[in-house]
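Down below is the structure, laid out as structure tokens.
Counting starts at 1 for both ligands and their atoms, following the listed order.
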Amino acid sequence: KEIVTDDTQRALLEDLCSEELGQSHLLDAYCQGDADDDKLRGLCSQLLKLNGGYPGGLRSYIEKAKKLLQDSQDSVNPLDGWSPSIPQGESFELGTVKYDDTEKMGMELLNRVGFVLVAGGLGERLGYNGAKIGLPTESTTGTLYLEYYASYIMAVENRATPRVRLPLAIMVSNDTKEPTLQLLKENKCFGLQRRQIYIVQQGDGVPALIDNEAHFAIDPKDPYKIITKPHGHGDIHSLLYKNKVTKEWQDKLGIKYMVLFQDTNGLAFHTLPLLLGVSQQHGFIMNSLCVPRKAKQAIGGIAKLQNASTGKERTVNVEYNQLEPLLRSTEEFKEGDVNNETTGYSPFPGNINQLVFQLDGYNKVLERTKGVMPDFVNPKYKDATKTVFKKPTRLECMMQEFPTVLSSDESKHVGFTQAESSICFSPVKNAVVDGVALQAKGTPAGTAATGESDQYTAQRIFLRSHGCQVTEADPTSYSGIEVVPGPAIVLDPDFVCCPGDLKTKFPCPEKVMITSRSTLVVKGSGVVIESLNLDGCLVVDAGPGEQITIRDKVVKNDGWIQVPVSDSDTEVIRMRGFIIDRKETEHVEAQNKSGQNDIDDDTSIDENAPYEVEDDSSGVN
Ligand code: UGB
């Protein structure tokens with residue numbers, strides 16, 4: 001007792017070591033080993049931090065863990081009592097009047113959106129050690145994910161009259177905080193104002209658990225340290241609540257909608273106006289972007305769940321590892337997670353964790369629930385007795401579980417918006433070897449090479465649907481990953497931020513021809529492409545306020561070629577399996593000479609428009 005002098009720490013340690021909570025093994029190193037007082041104090045301060053980082057503290061964590069681990073051992077279906085059916089939602093096909101009208105409605109709302117990037121994940125499946133948001137989205141321009149997200153936000157800001165500042169919150173974890181801050185610092189926040197960026201940090205994670213009694217895992221290298229693991233992306237809601245972020249956005253910045261998005265989806269924002277339009281039309285508090293889902297694909301399925309005994313109903317994501325047992329327990333879907341024979345897809349729309357919230361409704365729910373999402377546990381057992389884990393487990397929570405904390409009335413305001421994945425979803429989550437295996441099964445690879453080629457593909461789809469003549473290249477493969485390499489088209493969000501922009505940017509689409517070996521890069525809101533015959537590489541770059549019209553332009557040069565690379569010292573090249581050989585380029589540029597088009601933030605923001613927050617919550621120095 002004399003050693004741990006801090007009352008709070010001592011009380012916590014005593015509570016944890018009580019028979020009820022059963023963590024007395026934490027003191028083994030001290031009592032049976034070197035009795036190092038300083039190290040013991042270190043352990044106590046770690047415990048105190050962990051206690052503060054979990055809603056309800058470590059007592060609540062252990063109690064919940066014991067219950068969930070027991071249920072898991074007893075094979076209790078967490079969705080027992082809920083029967084699934086296929087939910088109703090809005091599906092959209094590009095090029096239809098419904099798509100155009102809904103997108104148009106959403107465009108009007110873009111200048112009232114707050115952006116929330118969840119970027120605390122370790123990227124274990126990708127096998128990449130740095131922060132994933134620092135990876136290139138594609139290698140034609142080398143734009144990084146965070147840079148792309150920032151450029152989209154700035155594009156939206158620039159087109160608003162009066163000009164606005166839109167906030168971006170980034171959730172980081174212990175593992176991603178430093179690299180994220182470094183990335184922002186080195187790149188001057190990619191053009192965003194420092195104060196419009198809010199960094200919220202997941203706690204130090206939660207204690208890893210070694211057995212069904214929820215004993216904390218002790219670090220084999222340091223017996224005075226508990227192993228921790230991230231608690232999952234569901235932390236975002238409690239962090240936004242705790243840091244009063246969304247309250248401030250609503251009250252001070254006039255933000256109406258908020259979009260939550262993942263770290264590495266280069267197609268993330270193509271359908272944002274569409275989602276906003278749907279949310280507005282239906283008065284949705286929460287709207288999930290969905291894609292047709294391949295059975296067993298590692299994305300959750302949105303299902304309508306009905307509880308026979310309580311009469312409750314909710315439309316919610318059922319995570320990929322829970323979908324199979326849930327479906328098998330029913331008569332209607334007893335085959336489990338399989339594709340519908342006619343469509344070739346799972347009947348349940350795939351959740352891609354791109355979520356739009358209506359802020360007023362969202363904040364009311366946060367006030368009531370403090371943003372705490374339900375926990376789940378997913379231990380990997382050594383054998384059928386389910387008594388020994390292969391490796392320590394932990395409680396986790398997911399951001400898409402939001403509908404589970406809604407009242408019956410609020411639950412009516414939850415929906416989804418489905419679009420083809422080719423225009424809105426291609427994350428980079430998997431290592432090459434896993435991607436190869438996934439492709440062999442007919443499932444998207446989710447690798448760096450596909451993430452890149454899918455971005456070009458999306459732009460080709462948009463341009464073709466608008467009426468341009470774009471010839472598709474033949475598929476090729478890089479390190480075993482099959483992709484369609486081109487033409488490689490990169491349209492900066494300032495130029496085109498959604499398909500609806502193409503009408504003004506490509507006013508005569510029938511006069512635009514792009515061959516399969518071409519590369520087209522366009523930057524700048526002042527560019528218009530009237531007539532172009534491209535067979536090679538063209539880079540068009542108009543600085544702020546500059547106008548460029550491409551008319552009767554014929555480009556024929558050696559262009560940029562993707563060259564397969566089987567090995568490289570550079571990790572990002574190894575991940576992709578190719579580099580770009582920039583053989584010949586035609587540039588059309590107009591850079592801001594006078595500077596007169598630079599926007600003066602202070603004078604262009606009116607009273608009713610969102611404004612930058614005064615206090616610096618960004619943590620970026
Ligand atoms: N993330 C955090 O910020 N903190 C964490 O503690 C963990 C993650 P994963 P997952 O669209 O492909 C999700 O690991 O969890 C961030 C959905 O649950 O990449 O396996 C992390 O940085 C699933 O329904 O994905 O699966 C990243 O940005 C489906 O939508 C994001 O959270 C699937 O993504 C997702 O983390 C998908």
Original post:
For the ring pair F416 and F284, is the centre-to-centre distance below 6.0 Å?
Top reply: no

**OP:** Let me know which protein residues bring a heavy atom to under 4.0 Å of ligand 1; chain then number is fine for ordering.
**Re:** V118, A119, G120, G121, R125, M171, Q202, P230, G232, H233, Q262, D263, A298, I299, G300, N317, E319, Y320, N351, I352, N353, Q400, F425, K429

Subject >> Lys/Arg N to Asp/Glu carboxylate O, D337 vs R293, below 4.0 Å >> reply: yes

Subject >> Within the 6.0 Å centroid threshold, strictly below: F333 and F348 >> reply: yes

**OP:** Assess the side chains of E157 and Q193: does a donor N or O sit below 3.5 Å from an acceptor N or O?
**Re:** no

Original post:
Is there a donor-acceptor contact under 3.5 Å linking the side chains of Q262 and N353?
Top reply: no

Original post:
When you look at Y362 and Q358, which way does the side chain to side chain donor-acceptor pair (under 3.5 Å) test go after all the steps?
Top reply: CA-CA 6 Å; Y362 178 80; Q358 186 257 332; over 6 Å; no

